[in-house]
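The residues of the chain are indexed from 1 along the displayed sequence.
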Amino acid sequence: MPKIRITKQFTFETGHALYGYDGKCRNVHGHSYKLAVTVIGYPNTNPDYVKYGMVIDFGDLKKIVKEEVVDQFDHATVFNQNTPHIDLAKELQDRGHDVILVDYQPTSENMVIDFAARISARLPQDIALYSLRLQETESSYAEWHSSDN
């Protein structure tokens, strides 16, 4: 039986600032991110199994991605933990805002690497993460592919 890829798409709003960047994105700003998650595997061949014919139930994939990415990053502000904005991050946290401090520059490129690790760790053993596409604006996105890594 051939391997099949399935994709589920997600949207979430996240703010960030790029520490040390030489353009406008050094300022705190936000994006309406679109995340496409593609996994690959064999459809289940057991006709007695409730998920017969599925690589993975879209609902199961949704649960993983929501818990690992969407629920954590939606309406949060992401800062590099070494940012000079650390005082702003602390003040936001003190005022009840969701702030995520990461050990990387929160670019789309680095965020998609982070998301790939989070999602891969939760997938069933017989399902592999094939690719991620994190769209930051209507015309800009970063992609992660398992074949490149």
Side-chain angles (χ1 to χ4, degrees), residues 3-44 50-51 54-149:
K3 283 188 170 181
I4 302 296
R5 293 177 230 155
I6 64 164
T7 302
K8 184 132 183 81
Q9 297 178 324
F10 303 85
T11 59
F12 56 96
E13 313 293 325
T14 301
H16 70 152
L18 301 182
Y19 164 54
Y21 183 65
D22 62 354
K24 290 181 180 181
C25 292
R26 71 177 173 265
N27 299 311
V28 178
H29 64 288
H31 297 284
S32 295
Y33 287 99
K34 295 177 184 175
L35 178 65
V37 178
T38 302
V39 298
I40 188 167
Y42 296 102
N44 187 288
V50 68
K51 300 191 183 191
M54 296 180 185
V55 171
I56 186 173
D57 187 318
F58 282 114
D60 294 342
L61 182 56
K62 178 181 178 180
K63 182 179 187 313
I64 291 168
V65 176
K66 278 187 58 55
E67 289 175 359
E68 294 299 324
V69 177
V70 177
D71 291 347
Q72 292 184 41
F73 284 80
D74 189 35
H75 286 82
T77 305
V78 183
F79 293 107
N80 178 318
Q81 64 190 9
N82 298 315
T83 183
H85 295 101
I86 200 72
D87 291 335
L88 174 59
K90 179 162 178 20
E91 182 176 339
L92 289 170
Q93 286 176 318
D94 290 346
R95 292 176 181 240
H97 292 263
D98 290 331
V99 173
I100 300 171
L101 297 175
V102 293
D103 62 358
Y104 56 81
Q105 182 79 305
T107 60
S108 290
E109 296 89 336
N110 285 328
M111 289 171 68
V112 82
I113 291 167
D114 180 14
F115 297 169
R118 291 168 182 255
I119 295 166
S120 292
R122 292 277 309 275
L123 290 172
Q125 187 174 358
D126 57 339
I127 309 296
L129 183 60
Y130 183 81
S131 66
L132 293 178
R133 177 178 169 154
L134 182 63
Q135 191 165 343
E136 183 177 282
T137 67
E138 199 57 38
S139 62
S140 304
Y141 58 88
E143 290 183 313
W144 178 95
H145 288 265
S146 60
S147 60
D148 298 335
N149 294 286

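- Listed by chain and number, the residues in a side chain to side chain contact (heavy atoms under 4.5 Å, CB included) with Asp98 are Ala76 (sequence neighbours excluded).
- A donor-acceptor pair is defined here as one N or O able to donate and one able to accept, closer than 3.5 Å; no such pair exists between the side chain of Asp148 and the backbone of Trp144.
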Would you list the atom pairs, donor with acceptor, under 3.5 Å between side chains in residues 13-24 and any protein atom, with sequence neighbours excluded?
unit_1: Glu13; atom_1: OE1; unit_2: Ser32; atom_2: OG; d: 2.5
unit_1: Glu13; atom_1: OE2; unit_2: Ser32; atom_2: OG; d: 3.2
unit_1: Thr14; atom_1: OG1; unit_2: Phe73; atom_2: O; d: 2.7
unit_1: His16; atom_1: ND1; unit_2: Pro106; atom_2: O; d: 2.7
unit_1: His16; atom_1: NE2; unit_2: His29; atom_2: NE2; d: 3.0
unit_1: His16; atom_1: NE2; unit_2: His31; atom_2: NE2; d: 3.2

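- Listed by first and then second residue, the salt bridge (charged side-chain N to carboxylate O under 4.0 Å, His left out) pairs involving residues 108-120 are Asp114-Arg118 (not counting sequence neighbours).
- Using a 4.5 Å cut-off on side-chain heavy atoms (C-beta onward), Ile119 and Val39 make no contact.
- Considering Leu129, Asn149, Ile127, Leu132 as possible partners of Ser120, the one that fulfils the side chain to side chain contact (heavy atoms under 4.5 Å, CB included) test is Leu129.
- In this structure, Thr11 has no side chain to side chain donor-acceptor pair (under 3.5 Å) partners at least two apart in sequence or on a different chain.
- Residues Ile56 and Pro124 share a closest heavy-atom pair of CD1-CD, 4.0 Å.
- A salt bridge (charged side-chain N to carboxylate O under 4.0 Å, His left out) check over residues 55-64, counting only residues at least two apart or in different chains, returns the pairs Lys51-Asp57, Lys51-Asp60, Lys63-Glu67.
- Applying the ring-ring contact (aromatic ring centres under 6.0 Å, His included) test to every pair with at least one member in residues 116-142, sequence neighbours left out, gives no pairs at all.
- Applying the side chain to side chain donor-acceptor pair (under 3.5 Å) definition to pairs two or more places apart or across chains, those involving residues 74-92 are Thr83-His85, Lys90-Asp94, Glu91-Arg95.
- Remark: Thr137 engages Ser140 in a side chain to side chain donor-acceptor pair (under 3.5 Å) (not counting sequence neighbours).
- Among residue pairs with one or both ends in residues 125-138, those qualifying as salt bridge (charged side-chain N to carboxylate O under 4.0 Å, His left out) are Lys34-Glu138; sequence neighbours excluded.
- Under the side chain to side chain contact (heavy atoms under 4.5 Å, CB included) criterion, Phe58 pairs with Ile6, Lys8, sequence neighbours left out.
- A search for side chain to side chain donor-acceptor pair (under 3.5 Å) contacts involving Gln105 returns nothing, not counting sequence neighbours.
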